[in-house]
Amino acid sequence: MLKIIKRDGNKVEFDKSKIKKAILKAFIDIDGEESIYAKEKARDIANYIESLKSEMSVEDIQDFIEEKLMSSNRKDVARVYIQYRLKRSLIRESNTTDKSILELLEGNSEYWNTENSNKNARLNTTIRDYTAGVVSKDLTERILLPKDIVEAHNTGIIHFHDEDYFMQRMHNCCLVNLEDMLQNGTVISETLVEKPHSFSTACNIATQIIAQVASSQYGGQSISLAHLAPFVDISRRSIMNKVIMERTATGDDLDEEKINLTVRMRLADEIKKGIQTIQYQIVTLMTTNGQAPFLTLFMYLGEAKNEQERSDLALLIEETLIQSHQGVKNEEGSWITPAFPKVIYVLEEDNIHEYNKYWYLTELAAKCSVKRLTPDYMSEKIMKEMKDGNCYPVMGCRSALTVWKDENGNPKFYGRFNQGVVTLNLVDLALSSKGEFVKFWELFEERTELCHRALQCRHERLEGTPSDVAPILWQHGALARLEKGETIDKLLHGGYSTLSLGYAGLYECVKYMTGHSHSDDGLGEDFGLSVMKALNDKCNQWKSLENIDYSLYGTPLESTTYKFSKCLRDRFGVVKGITDRNYITNSYHIPVFEEIDAFEKLGKEAKFQKWSPGGAISYIETPNLDNNIPAVLEVIKFIYDNNVYAEINTKSDHCQVCGYDKEIKLIDEGGKLLWECPNCKNRDVRTMDITRRTCGYKGTARNGWNQGRLGDIHDRVMHLDDIEFEVGGSN
């Protein structure tokens with residue numbers, strides 16, 4: 001049976017009656033009525049098309065009709081048909097968004113309903129953002145991008161990230177220069193905000209800055225607790241003065257020990273309130289893109305400028321971990337795990353051993369990890385090896401800046417940003433080569449250049465952007481202090497900001513080409529590393545030619561993992577072990593279904609992290625480990641010695657119907673994955689609090705994952721068990 005490939009990519013069975021009707025209409029427009037000849041001609045053409053190959057596009061069919069009519073003695077009818085076809089084409093091109101917008105408004109779009117697990121597609125704020133995104137995506141594909149890039153994106157050969165924000169000249173993610181804004185003042189909504197005089201005020205201003213930044217870009221942002229630490233001592237001194245004044249006014253003695261105790265108690269309360277402000281503001285604020293700010297808190301003792309500041313920073317880290325462990329209350333009053341803020345805890349020589357001064361913070365971090373999937377862990381030792389002796393935060397999820405030095409030779413990280421991402425589908429590359437290595441590397445050259453041109457489009461779209469479009473970013477310190485009317489161009493060159501070449505599906509690529517996983521310590525690993533090195537070489541080549549920092553980035557696919565898998569099946573069919581799942585593997589990761597223990601997984605993936613300087617994160621999957629904290633601490637020590645950045649994925653669930661607070665399961669019902677409470681069989685995700693690591697950050701079932709991401713979650717094996725760990729033994 002002949003299949004017709006419609007313009008939206010869907011396939012339907014060929015319907016002869018539609019062809020006959022279109023041809024007869026052209027005859028009637030000329031002759032005024034149906035003739036025997038017209039009916040025969042329409043029937044013959046329809047039969048001829050039906051006898052052709054098994055699949056044809058709508059455009060191919062229309063070409064055949066034109067051909068047959070033009071070769072007949074009724075060229076006048078052919079001209080009418082051509083005019084009708086042109087008219088329909090113009091109508092389509094002038095109205096390309098109605099269907100998408102109506103599906104969105106009616107709540108019938110699987111894509112928009114599961115596009116982002118931290119956005120609720122039922123809310124008006126989100127619908128408004130998505131509606132703007134539909135328009136932006138449409139203009140981007142019809143006008144702003146070259147056709148071959150659009151075609152490669154739509155067929156899953158590459159992914160041009162965040163098309164729905166491309167029109168607006170917005171960048172991806174950043175490291176907010178909170179230190180500059182707090183110490184030197186800033187302007188928020190045309191209102192001057194001067195240096196705060198207390199820690200709690202600094203936290204409040206910080207959340208306002210975060211909300212403004214989130215509304216002016218589409219990616220994640222990171223701030224450092226070290227930039228808030230100086231205000232602890234400002235509050236301490238202020239509290240001290242007040243206590244002395246109070247005791248003097250009431251006639252109490254000025255006993256130093258009593259005064260210091262009172263100051264410590266009040267300061268602890270101030271710190272608690274300040275961190276609580278950040279915690280609750282971040283989960284309750286709604287930005288213009290329909291979600292809470294995608295914020296990462298960076299906790300690194302090494303950023304403190306002196307011992308007093310280091311000690312105060314430790315107080316902030318401790319309180320952040322305490323509140324993260326507690327969580328927030330849901331609408332029914334139960335404690336649950338919030339998606340944001342994401343927290344990064346840096347492992348360093350002062351907190352990684354039992355005898356260290358700050359080991360107690362690491363113990364607290366481990367307890368928090370098993371309860372709330374927070375914090376993530378970054379190794380100062382490994383990052384300094386990779387980043388020329390520097391340790392600094394990633395932007396949001398994992399996007400990492402290159403090292404850049406100012407005119408005085410000092411490295412600078414805060415105030416910098418990423419221009420955008422384009423991802424290469426390595427699985428499609430491998431399948432297109434049919435397993436031939438010579439062909440693979442030929443296609444590698446073609447497709448990396450396609451990504452290069454797409455990244456240049458991102459860069460060129462930002463060029464000429466005036467600082468006035470986002471004053472909080474470009475004029476008032478978050479990223480720069482440019483003049484009004486000045487363009488951001490100087491921040492796009494010379495390495496101040498980065499462009500990211502993403503990659504996805506290294507496992508499937510290697511498996512198809514070699515028959516091995518890239519975790520095999522042999523042929524598979526060697527080929528996987530050669531691909532990573534070649535991708536890095538491309539970034540370095542482009543950088544040297546253009547004075548723009550290109551960097552290799554391990555893409556955190558969310559909804560795109562499903563898109564890529566569907567595109568691969570459309571192009572290559574079902575290839576066992578390669579395209580037979582609803583997802584492909586993120587970046588360089590060992591696949592979620594491969595049986596491997598935590599230490600081996602982290603160790604093997606560490607080899608690939610080295611070659612992903614623009615962003616890399618590894619994780620291990622575990623059951624509930626509340627009673628096995630020693631095992632978690634051993635994993636943390638291993639991360640310090642091996643991985644630049646890693647996460648521990650536990651389960652954090654709550655059923656509002658019955659109060660069940662253990663793991664809520666994904667069940668397979670007729671090929672569709674659904675959440676079900678094991679206790680009461682509740683399946684309504686609106687009455688469940690289910691948090692899972694989506695792809696570097698936490699997401700919730702209530703806002704939805706598509707079937708591809710659910711497949712990934714469903715197939716995840718445990719890398720660490722809950723058997724009590726004994727130091728010196730094995731687990």
Side-chain angles (χ1 to χ4, degrees), residues 132 136 139-140 144 162 165-195 205-206 208-223 227 287-289 293 392 395-396 399 401-421 455-500 542-543 545-551:
S136 176
L139 283 171
T140 295
L144 300 178
D162 303 289
Y165 291 100
F166 184 68
M167 178 183 76
Q168 295 93 328
R169 300 178 184 271
M170 296 172 78
H171 71 279
N172 181 19
C173 49
C174 71
L175 298 185
V176 179
N177 196 344
L178 190 63
E179 180 179 36
D180 180 17
M181 300 177 86
L182 292 177
Q183 294 293 338
N184 301 312
T186 186
V187 174
I188 301 176
S189 298
E190 301 181 352
T191 302
L192 179 64
V193 179
E194 296 179 320
K195 180 179 178 178
I205 293 171
Q208 295 173 49
I209 290 169
I210 290 160
Q212 289 263 333
V213 169
S215 295
S216 301
Q217 61 178 39
Y218 56 81
Q221 60 180 296
S222 298
I223 65 167
H227 296 167
T287 66
T288 56
N289 61 6
Y392 51 91
M395 298 174 283
S399 184
L401 290 163
T402 52
V403 177
W404 181 86
K405 296 179 180 179
D406 63 19
E407 62 276 8
N408 299 315
N410 298 316
K412 175 181 169 66
F413 303 103
Y414 295 99
R416 293 174 59 200
F417 59 100
N418 178 261
Q419 298 178 37
V421 184
L455 286 166
Q456 287 175 320
C457 291
R458 304 211 78 112
H459 173 80
E460 290 162 6
R461 186 66 187 161
L462 288 172
E463 282 188 321
T465 299
S467 64
D468 310 74
V469 302
I472 191 75
L473 297 179
W474 312 119
Q475 296 174 2
H476 302 309
L479 300 182
R481 292 193 182 267
L482 303 177
E483 297 296 324
K484 291 182 179 180
E486 186 178 358
T487 69
I488 67 171
D489 289 11
K490 66 183 181 183
L491 307 178
L492 303 176
H493 299 87
Y496 190 86
S497 55
T498 58
L499 277 165
S500 296
W542 303 336
K543 177 180 177 180
L545 290 171
E546 300 168 27
N547 195 28
I548 299 170
D549 258 20
Y550 293 89
S551 194

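The backbone N or O of Asn410 sits nowhere less than 3.5 Å from a side-chain atom of Asn408 that would complete a donor-acceptor pair. For Tyr392 (side chain) and Leu175 (main-chain N/O), no donor-acceptor pair under 3.5 Å exists by modelled atom type. Formation of a donor-acceptor pair under 3.5 Å by the Ser222 side chain with backbone atoms of Gly396 is found in this model. For the pair Ser136 (side chain) and Met167 (backbone), a donor-acceptor distance under 3.5 Å is present.
The structure places CD1 of Ile210 at 7.0 Å from CG of Leu178, a figure rounded to the nearest 0.5 Å. The distance from the CG atom of Asp468 to the CD atom of Glu486 is 10.0 Å, given to the nearest 0.5 Å. The line from CG of Leu139 to CG of Leu144 is 6.5 Å long, rounded to the nearest 0.5 Å. Distance check, rounded to the nearest 0.5 Å: CD of Glu463 to CZ of Arg169 gives 10.0 Å.
Side-chain contact between Lys412 and Tyr496: present, with at least one pair of heavy atoms (C-beta onward) separated by less than 4.5 Å. Annotation: side chain of Gln208 is not in contact with side chain of Ile472 (no heavy-atom distance under 4.5 Å). Contact check for Leu473 versus Val213: side-chain heavy atoms found under the 4.5 Å cut-off. Within the 4.5 Å cutoff, no side-chain heavy atoms of Thr465 are placed close to those of His171. Between Leu499 and Trp542, the closest side-chain pair of non-hydrogen atoms is not below 4.5 Å. The closest side-chain heavy-atom distance from Val193 to His476 is not below 4.5 Å.
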Legend entry - Criterion side chain to side chain contact (heavy atoms under 4.5 Å, CB included) on Leu491 and Trp474, from CA distance to verdict: CA-CA 10 Å; Leu491 307 178; Trp474 312 119; 3.8 Å; yes
Legend entry - Audit row: Ser500, Asn418, side chain to side chain donor-acceptor pair (under 3.5 Å) steps and yes/no: CA-CA 8 Å; Ser500 296; Asn418 178 261; 2.9 Å; yes
Inset, instruction - Please test Gln168 against Tyr218 for side chain to side chain contact (heavy atoms under 4.5 Å, CB included), starting from the C-alpha separation and ending with a verdict. - result: CA-CA 10 Å; Gln168 295 93 328; Tyr218 56 81; over 6 Å; no
Inset, instruction - Given side chain to side chain contact (heavy atoms under 4.5 Å, CB included), test Ile548 with His493 step by step and report yes or no. - result: CA-CA 5 Å; Ile548 299 170; His493 299 87; 4.2 Å; yes
Inset, instruction - Assess whether side chain to side chain contact (heavy atoms under 4.5 Å, CB included) is satisfied between Glu546 and His459, documenting all intermediate values. - result: CA-CA 11 Å; Glu546 300 168 27; His459 173 80; over 6 Å; no
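For the pair Asp549 and Lys543, the salt-bridge criterion is met [side-chain N within less than 4.0 Å of a carboxylate O].
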